[in-house]
Amino acid sequence: MSSVAPAVEPAAPGRASGLSATFEHVRYVLGENRVTAFAFGLLIIILFAAIFGPYIVPYDPLASDTAAALKPPSAAHWFGTDQLGRDIFSRVIVATRLDTFIAVASVALVFLMGGLAGIAAGYFGGWTDRIVGRIADTIMAFPLFVLAMGIVAALGNTVQNIIIATAIVNFPLYARVARAEANVRRNAGFVQAARLSGNGEARILLVHILPNIMPIMIVQMSLTMGYAILNAAGLSFIGLGVRPPTAEWGIMVAEGATFMVSGEWWIALFPGLALMIAVFCFNLLGDGLRDIVDPQRRT
Amino acid sequence: IWSAAKADARSETLLIVSESGPNNLDIHGVGTNVPGYEVSWNCYDRLISHEMKSGPGGVPYYDRDKFKPELAEDMNVGDMSVTFKLKKNAKFHDGAPVTAKDVKWSLDRAVSVGGFPTFQMGAGSLTKTEQFVVVDDNTVRIDFAKKDRLTIPDLAVIVPCVVNSELVKKNATEKDPWGLEYTKQQTAGSGAYKVVKWTAGTEVVMERNDAWVGGPLPKVKRVVWRMVPQAGNRRALLERGDADISYDLPNKDFVELKDNVKLNIVSVPYSNGVQYIGMNVKIAPFDNVKVREAVACAIPYQKIMDAVLFGLAKPMFGAAADKATEVAWPQPTKYFTDIARAKALLAEAGYPNGFETTLSFDLGFAGVNEPLCVLVQESLAQIGIKTTINKIPGANWRTELNKKVLPLYTNVFSGWLDYPEYFFIWCYDGKNSIFNTMSYQSKAMDEFIAGAVDAAAVGNTAKYDADVKGFVDLAFKDIPRIPLYQPYVNVAMQKNVSGYQYWFHRRLDYRALVKA
Amino acid sequence: MLTMIGKRLMFAIPSLIGVVIVTFLLTRALPGDPAAYFAGPAASKEAIEQIRKKLGFDKPLIEQFFRYTNDLAHGDFGTSLTTGQPVATEIRNRLPASAELTLLGLIVSITIAIPLGVLAATRPGSWIDHLCRVTTTAGVSLPVFFTGLVLVYVFYFRLGWSPAPLGRLDVFYSAPAHVSGLYLIDALIARDFETFRSALSQLILPAATLAIFSLAPIARMTRASMLAVLASDFVRTARASGLSPSTVIVTYAFRNAMLPVITTLSMVFSFLLGANVLVEKVFAWPGIGSYAVEALISSDFAPVQGFVLTMAVMYVLLNLFIDILYGVIDPRVRLEG
Amino acid sequence: MTAQPLLDVHDLTIEFTTRRGIVKAVQHVNISVAKGETLGIVGESGSGKSVTSYAVMRILDRAGRIAEGSVMFSGIDVKAASENEMRDLRGREISMIFQNPRAALNPIRKVGDQIEDVLRQHVQSAASDRGEKAIEALEQVKIARPRERYHAYPFELSGGMCQRVVIALALACNPQLLIADEPTTGLDVTTQKAVMDLIVELTKRRHMSTILITHDLGLAAAYCDRVVVMEKGRVVETAKSADIFARPEHPYTRKLMRATPRIGVSLRDLLPEEEVALSSASPRLRGEADARSAAGEGDSPQTALAETAPHPDPLPAGGERKQKPLLLVEKLVKEYPRQGAGALLSKLFSRKPPVEAEVFRAVDGISFTVGHGESVGLVGESGCGKSTTSMMVMRLLDQSSGRIAFDGEEIGAILPQAFARLPQRKSIQMVFQDPTDSLNPRFTAARAIADPIMQLGNIRGRDALRARCEELAGLVGLPVNLLDRFPHQLSGGQKARVGIARAIALHPKLVILDEPTAALDVSVQAIVLNLLQDLKASMGMSYLFVSHDLNVVRLLCDRVIVMRAGRIVEHGSSERVLGDPQDGYTKELLTAIPHPPLPV
Ligand SMILES: Nc1ncnc2c1ncn2[C@@H]1O[C@H](COP(=O)(O)OP(=O)(O)OP(=O)(O)O)[C@@H](O)[C@H]1O
Ligand SMILES: Nc1ncnc2c1ncn2[C@@H]1O[C@H](COP(=O)(O)OP(=O)(O)OP(=O)(O)O)[C@@H](O)[C@H]1O
Ligand SMILES: [Mg+2]
Ligand SMILES: [Mg+2]
């Protein structure tokens, strides 16, 4: 019976059923806002490179060819070659996967830590709130980048530790946003109603509050994704990045920086551009998502 | 827009840029770093120094065997002692005369403070304060503990510098009897320059000591030494003519700057220095000599020379198969890149499918080490050895080496005293010094080394030559470390700067520099 | 007001304690061995052990911690291994350099971002709005070190417009007499305009680098909060009362919109202090950021601890300042305090 | 009124460009206001009242524009005037008072300064005596101690005082036309009356014209000379207010008028004529009959109920079990810590338990009962503790002291967290004040209704659940095809039904209704109230009905409890309390209600 129900209703404005309405809305926002549509396009390219990158690149990103070292961009090497004659185009493309992985993984991790802690703090208040708040305050009091450096330096510079460090550094941000959102909802009518319906506290938190906070959190995630990439790049720049010869944008920029003055601009420029485009894309997308999620809050 | 006075100041000031600066102005201090040596060398005097000769490419190069007086007026070598008469008009920066008491106090200090200075003194068999005797106000005698041909040269290195003992004692405390805290922050010597301002990590400003008697009055009045961490910026500064000298630039920059008509580039090989790949012979599978040989055959030597060093180094590989071993160090091995042979050797050693290990390097020298390791990694992968590259921050590098747990790594060693046996004592002797990072132990090796040392002391040339050839051959046969190349010291200067001299410590000697 | 300050400071104490503990543990977890470092290149194992003992690193962690906090309580931050100087002195010497740079960066950023945000908010959806969004986002998307390097390359190396990236002053100028430690201000006090110009020209590129990075959050927040305020009832009332657009925007909308922006500023400042670390490295800036990086890379405990603690205290003070500012603007907060 | 009117709106059409295309918010509207006249604009939410007034002042949103027609104000063409001319007009000639006075004032600017801003803009006084003028303006609106208030910030004033400041602001420059857009919503009934009287007095004295926008027909009729009725962007009727109740011409006006709760009518009378007929046959209401037939369901709700209801014996109101009440509340107290920094600081510094003075009693020892099948009204002005009381009874909030017995069992001692899992939870349910806020935005209507059943009910399986949801939807008259919608896709009345369906899903014995119609339009309110009435009759539930609208309570409740500042001031049967109030406060409440003229 329920399956026929939506068909009965004529598609009056604003009354389209859930999914298609969302889709409509997304399409509207993308249509209205060219910039977001553009970011969306970029995201697709980035995801494509991350997934298929290793299979489509013309050269092995790790293979050196000292005879062809430091060649400027050409038909054979679109982005030129680096000191060891590795193809920069291939390296930039292949690095997409690692960099997006670092971004996604650290964001997922901080969402699990900060997001949940923040929601619990906002919802339960009291001691939970105080403890989570104190932790967030303490982390905030650190110069964040230096904290990330410290963590990576202490734990060792592996991808895993870079992810952990980035997640920890973002903890306060997530905890605060989640806390604020949960706090305004803790006494909302629908939460009271859920209590009346016999939902336990944990269930209210996870089933009723969390999904309502998700949109805001997704925006937050998109924005911090960019920050995660920048953070990893910064760590690489001071020598705490992933291990060579792994292709990673930050490392490539840092290595290329030495060559900039001597005229081999392409070594730093292309990874730098890739880095910038990715961060740019995530940032714009975050803005766009905010539009979709909550047009009032657009910034 | 320069005012006239500023332009004047500019012509009399030398602006040096480098990556890092001193952490201590006194070489006797605890943990003084390499840039600190430069301050010590220019601001303190020693009793004697070396003469110059013409080195590779016509660059003035210190003469290992010839000494010239610095604070001493003359040197009188006896059978078991050496006597120095001090220059009468020598004065410290504060005007106090340099006396025999100061010299003894300084040498006592060097052998007493522990750590590196004491150790370096020991390399010349200078270990006890009793060896330093004040004969009169102007005369010092140094007694030999035993016959050692390194004793006199060791008096010309940086460590046995002469310190203003009265001034430092005034500032010493009970806890710090040698006044190390005081000399850490200011120079108290009689050298050609004195530090007038030091901001750690930022700049050192030195001014000429016009009353210097250690040699001809230097031409440069003022030296400003700035730390510029970014190599690109250092190059930019040079190319734009803002900096006068930079000496730690990537090799590539030096190669390219050679073509720059406005600049003057000097490249000189490190004396007694080698960059090598080390393998810990106590850790499987590197305990197997065949594995070590296989690795030696798999190193992409020429690629490293080209892509990493841009030709600015002396190859230490690929000597002709029939070439006789020389009585010299360093000298090339007979290894060259031969993947097929490497594979065969590895199979013979029982690792036909290779193995996994880590390849470590010092992040402080990442510019060279990183591409080098990436090339080595790639090449080793071809014979089945999978390596993970492990970057170790400079400060921890020594700690890690000390633990002797790194299976495979690259490093440079170079000895101040340019004698083969000096190098081998450090790096190959069974006494297992910290520079014997491979934990290599061999009775035969120890005998060759001891033999050479003794032969040198008594001047037995034939025995000496045989022993040197013996230990070099053995080192190449057992191959615990694979020499790659002899690095170059590269210095880039503006065309109007001249007078560069190469010293064993490889730091700048301002005293000879001239800015036109 | 005073009670509010007291309250704020009291609330900050637990975080500061947290910071001290975390940094202590973090630095101890660093891989280096300061004893080996101190012992020098050719030291034996025994010599290293001896130095370890002398430095107190052989003691259990708890004891080391108490020693450290005890020293801290006496104002002793320890001594840096790499530079050999007492950390407190170094921080005191270097802090003004970082502060001058960060503040100038922030000021530049604010003077650009806030008008931009206001403009974008008054014309939402217009080209200026999109331009504001895209340019500021682009700014925050660039890794700061990359921006810095490119700026140096273009403006110093290629064009020669900017002086050599050699720190705070040209080699041939001497620092003005120390009053505030900020060269710009000190030079003005000393009426030494040549030095002022030199210091300013050295500051331009690094400050611009920081400003580019911090435009986005400020502009965005300004825009968002302006939009919200412009849509609020009291702005409508003001309009309906016929107040002139400038009065409406400045007196009514802008002052209210500033409240969340000020909160953002504290975030941005803390962010900039982090970014500073990289910028200082690029521009050979003798600030505390580059100092901390070097120390961290070489596992030099004392400077890292000193740096983090200084930063944490600054952060607390900054927040206090912002709270006070908030109170000045918003009477509701004042009353609560 | 033969002379040229002060304001003449002719054939006005206003369009908004929105995400869903162009919306015509107002179409072909004609309104005129004569000098000295008070005109009421009445209509339900969204009917275009505000937009019309914004157009008059030309302060429409960026997205809106006057598409057609003209607005003439004393000879000036508002549509064509320059922005400068308009600015002179606004505030000096025409001014406006908005709903929610607190939000209408700049929160961080002293009220005196805000008044001065207007004076300065319109050069109404020299700089020197501007302050005096502002104080004078405050005096005019009868604010006590105007000199002090001059320096006050809006947050330091009560809602009523804020509204007075807004009025002072609007009248500061002696405009000719005052537009008051729902000036009293959000205020207490007693304050409401004071404010309205003030506006009328001031405008009359100054011979000003007034437009009063409201959705309360009673209010309009009581204060206006003429009333304009708007529906869906169009004016459907214009009449003298004396006539409009007597001879409503347009069906919409009639509907509105009927739906307004007033003395001497029954709940049924509130419904539109055509639906009274329908509802007498079954409790189902308009929209639901056709929806159900579309869904292919034919059973009458009573039968459906009889099959599943655990309590199939509906009791008549005030039945024989009255002696043993369903709910017994005794000496219930709720204390909150007093807020503010003082309390916070003292908490930080002292370890002593908080002393008596530091707490605030929101509910101060009240006792009452609710019998089986009885409905009890709880009335009182905002902040008197009505919601707090209901929350405690619901076990959503812990009381400070006192006891609560439900159906003979003590439930007062059970902590709110523990109560969720007890069987009694099923028996006490609640319908919330704000239907939007009480629905999870991410749950469909069906999911929302099913939630209590899934947690506490014994129906398992998707299909069974679905069937039960549809059944409940049928009961509350919610078309089945709306069950798959999300809250934002439902209208206010529909959302209210979802909330009610959810509350009755478990056959509760007691339902607490916390101002269930406060957010709804009168006509929707009428329908919902009837629905509640019918459900109660068919399911034998008891109600505790919280409201501040005495007229509504009179219609729905058997007994009334009047609260003030946490205490009960009067209680008794509805007729008695509302017909013959004993307490002074109750009397005051009653007189404050604007009474529309009775229909003939
Ligand atoms: N900025 C806007 N953009 C789009 N549509 C709008 C805008 N403002 C108002 N509307 C539409 O205009 C119509 C009339 O709105 P208006 O505010 O005049 O209603 P109202 O009669 O004042 O209702 P209420 O009693 O709720 O205040 C509504 O349907 C609304 O959706
Ligand atoms: N959590 C709380 N902390 C402190 N005070 C509170 C809290 N909740 C309510 N109050 C106070 O208790 C009093 C009673 O509030 P309650 O919500 O019961 O009023 P109400 O009669 O329902 O009013 P309304 O008609 O506005 O809903 C109010 O003065 C309110 O400010
Ligand atoms: Mg309205
Ligand atoms: Mg309430």
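Order of the sequence lines fixes the chain letters, A, B, ..., with proteins taken first and strands second; residue numbering starts at 1 for each chain. All values below were derived from every heavy atom in this structure, side-chain atoms included, with hydrogens, water molecules and symmetry-related copies excluded.
- Residues C:Asn276 and A:Phe145 have side chains not in contact (no heavy-atom distance under 4.5 Å, counting atoms from C-beta outward).
- Put simply, OG on C:Ser141 and CD1 on A:Ile229 are 9.5 Å apart, with the number rounded to the nearest 0.5 Å.
- Looking at every heavy atom in both residues, C:Leu149 comes nearest to A:Ala257 through CD1-CB, 3.2 Å.
- Contact count versus chain C (heavy atoms, under 4.5 Å) is highest, among A:Ile139, A:Leu144, A:Ile277, A:Val146, for A:Val146.
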### Message
The test is side chain to side chain contact (heavy atoms under 4.5 Å, CB included); show your working for A:Leu273 and C:Phe146 and say whether it passes.
### Response
CA-CA 10 Å; A:Leu273 280 183; C:Phe146 186 65; 5.7 Å; no

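- Between C:Val282 and A:Phe237 the shortest side-chain heavy-atom distance falls below 4.5 Å.
- Across all their heavy atoms, C:Arg220 and A:Asn283 have their closest contact at NH2-CB, 3.9 Å.
- When all heavy atoms of A:Pro143 and C:Phe307 are compared, the pair lying nearest together is CG-CE2, 3.6 Å.
- Looking only at heavy-atom pairs under 4.5 Å with chain A, the residue among C:Val140, C:Val313, C:Val144, C:Leu272 that has the most is C:Val140.
- Nearest heavy-atom pair across A:Leu284 and C:Arg133 is O-NH2, 3.3 Å.
- For C:Val277, the part lying under 4.5 angstrom from a heavy atom of chain A is the side chain only.
- Rounding to the nearest 0.5 Å places CZ of A:Phe282 at 14.5 Å from OG1 of C:Thr137.
- At a threshold of 4.5 Å between non-hydrogen side-chain atoms, the residues A:Phe280 and C:Val134 count as touching.
- Taking CZ of A:Arg176 as the reference point, atom CE of C:Met267 lies at 7.5 Å (rounded to 0.5 Å).
- If you measure heavy-atom distances from A:Leu240 to chain C, the contacts under 4.5 Å come from the side chain alone.
- With a threshold of 4.5 angstrom between heavy atoms, C:Phe213 approaches chain A through side-chain atoms but not through N, CA, C or O.
- For A:Phe38, the CZ atom counts as loosely surrounded, since its 6.0 Å shell holds 12 or fewer non-hydrogen atoms of other residues, nucleotides or ligands.
- Counting only heavy atoms from C-beta outward, the side chains of A:Thr138 and C:Leu16 never approach each other to under 4.5 Å.
- Within the 4.5 Å cutoff, the side chain of C:Lys281 has heavy atoms near those of the A:Ile238 side chain.
- Residue with the most contacts toward chain C among A:Gly239, A:Gly226, A:Ala233: A:Ala233 (heavy-atom pairs, distance under 4.5 Å).
- Summarising the geometry, atom OG1 belonging to C:Thr23 is positioned 9.0 Å from atom CG belonging to A:Leu147; distances are rounded to the nearest 0.5 Å.
- Neither the backbone nor the side chain of A:Leu235 comes within contact range of chain C; no heavy atom of the residue lies under 4.5 Å from a heavy atom of that chain.
- Counting heavy atoms from C-beta outward, A:Asp137 and C:Tyr315 have side chains that stay 4.5 Å or more apart.
- No side-chain donor-acceptor contact under 3.5 Å links A:Arg134 to the backbone of C:Gly18.
- In this structure, chain C has a heavy atom under 4.5 Å from the side chain of A:Leu230, while its backbone stays farther away.
- There is no contact between A:Ile135 and chain C, counting heavy-atom distances below 4.5 Å.
- Residues A:Ala141 and C:Val19 approach most closely at CB-CG2, 3.8 Å, considering heavy atoms.
- Closest non-hydrogen pair, C:Val150 versus A:Met260, comes out as N-CE, 3.8 Å.
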